[in-house]
There are 2 protein chains.
Amino acid sequence: MVVDQVSDSELDRLFQALADATRRDIVARVLTGEYSVSGLAAEYAMSFAAVQKHVAVLERASLVTKEKRGREQMVRIHLEGLRRARRLLDDYEEIWQQRVARIDDILAEG
Amino acid sequence: MVVDQVSDSELDRLFQALADATRRDIVARVLTGEYSVSGLAAEYAMSFAAVQKHVAVLERASLVTKEKRGREQMVRIHLEGLRRARRLLDDYEEIWQQRVARIDDILAEG
DNA sequence: TTGATCTACAACCATTTGGTTGTAGATTAG
DNA sequence: CTAATCTACAACCAAATGGTTGTAGATCAA
């Protein structure tokens, strides 16, 4: 079946992390701008602690990293995770294409 | 921020569905072969009902469809969902590339 | 018809998830 | 030094998740 370069639990954490609109929004923000955890927290109608948890989920999924700067914790993108998730979906689509091609071949033969 | 062609809850369900190794395996199987729900259930060390639930999750996420054939329920891939998830990650990477390009420009100017 | 197979779905349970509040430690500003 | 800011983390809670067993309805095979 190949498809899996990466461990199951790693992908679990990755897709799990992306399965929340707030977290996807954090990823989108961090992709373009520079944000501290409290900077992010200011953007959402939830507590600082809640946002802190979301960032922690993204961190465990290797989608972001944190870097201490003074008393702030800057949140930066960690593209690796994004690429891994995308790669799996690419693989899926490739498998699909191959299957379609194979069926075409069979039809051409018959 | 653009990024979202699709509703938040739709993406929630999509990534949520992909955040489980059994369900990813079901997707991979269904991409290449033909499986009924019980055919899938035979592949995993869990109850039929559990697999049934996994298929239901994939169905709600528009990753598979079911088609009744006799007393069996055939599970087929529904590529739409896969493509949607991939598209979002593509958009993310594009945003990242644009940001890198912009920084390069600034450095070139300075 | 009868029995086996496949499915649907409810009820239940333990764990995880996404939120809260509260407390305490660093760091910065005045 | 003192006060404000930013973070970390614990404790708690309701709801969702991933599993189970059990029951019942269709469909097929003999």
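Order of the sequence lines sets the chain letters (A, B, ...), proteins ahead of strands, with each chain counted from 1. Just so it is clear, the structure is predicted and the values come from calculations on it, not from any experiment.
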Once you apply a heavy-atom cut-off of 4.0 Å, does [X] come out as touching a base, just sugar-phosphate, or nothing?
{"X": "B:Thr22", "answer": "nothing"}
{"X": "B:Ser47", "answer": "base"}
{"X": "A:Arg69", "answer": "nothing"}

Atom [atom1] of [X] to atom [atom2] of [N]: distance rounded to whole Å?
{"X": "B:Lys53", "N": "C:dC12", "atom1": "NZ", "atom2": "C1'", "result": "9 Å"}
{"X": "B:Asp12", "N": "C:dT17", "atom1": "CG", "atom2": "P", "result": "15 Å"}
{"X": "A:Tyr35", "N": "D:dT7", "atom1": "OH", "atom2": "C1'", "result": "19 Å"}
{"X": "A:Asp25", "N": "C:dG18", "atom1": "CG", "atom2": "C1'", "result": "16 Å"}
{"X": "A:Gln73", "N": "D:dT5", "atom1": "CD", "atom2": "C1'", "result": "14 Å"}
{"X": "B:Leu58", "N": "D:dT17", "atom1": "CG", "atom2": "C1'", "result": "14 Å"}
{"X": "B:Asp20", "N": "D:dG18", "atom1": "CG", "atom2": "P", "result": "6 Å"}
{"X": "B:Leu40", "N": "C:dT7", "atom1": "CG", "atom2": "C1'", "result": "13 Å"}

Of the listed C:dG18, D:dG18, D:dT7, the closest approach to the A:Gln16 side chain comes from C:dG18
Review point. Can you check whether A:Leu63 reaches A:Leu18 side chain to side chain, under 4.5 Å on heavy atoms?
Key: yes
Think [X] has a side-chain N or O under 4.0 angstrom from the OP1 or OP2 of [N]?
{"X": "B:Gln52", "N": "C:dT7", "answer": "no"}
{"X": "A:Ser38", "N": "D:dT7", "answer": "yes"}
{"X": "A:Lys66", "N": "D:dA8", "answer": "yes"}

inquiry  = Looking at A:Ser47 and A:Ala50, would you say the former's side chain and the latter's main chain have a donor-acceptor pair under 3.5 Å?
reply    = yes
Donor-acceptor check, side chain of A:Arg23 to backbone of A:Gln16, threshold 3.5 angstrom: yes or no? yes
Per nearest nucleotide of DNA chain C, the residue lying toward the 5' end, A:Ala49 or A:Arg71, is A:Ala49
Result for 5'-nearest mapping on DNA chain C, choosing between A:Lys68 and A:Val57, is A:Val57
Heavy-atom nearest pair, A:Gln73 first then A:Glu67, reads OE1-C, 3.4 Å
- Message: Between B:Glu34 and B:Arg69, does the salt bridge (charged side-chain N to carboxylate O under 4.0 Å, His left out) criterion hold? Intermediate values first, please.
- Response: CA-CA 12 Å; B:Glu34 192 154 17; B:Arg69 202 163 72 192; 3.1 Å; yes
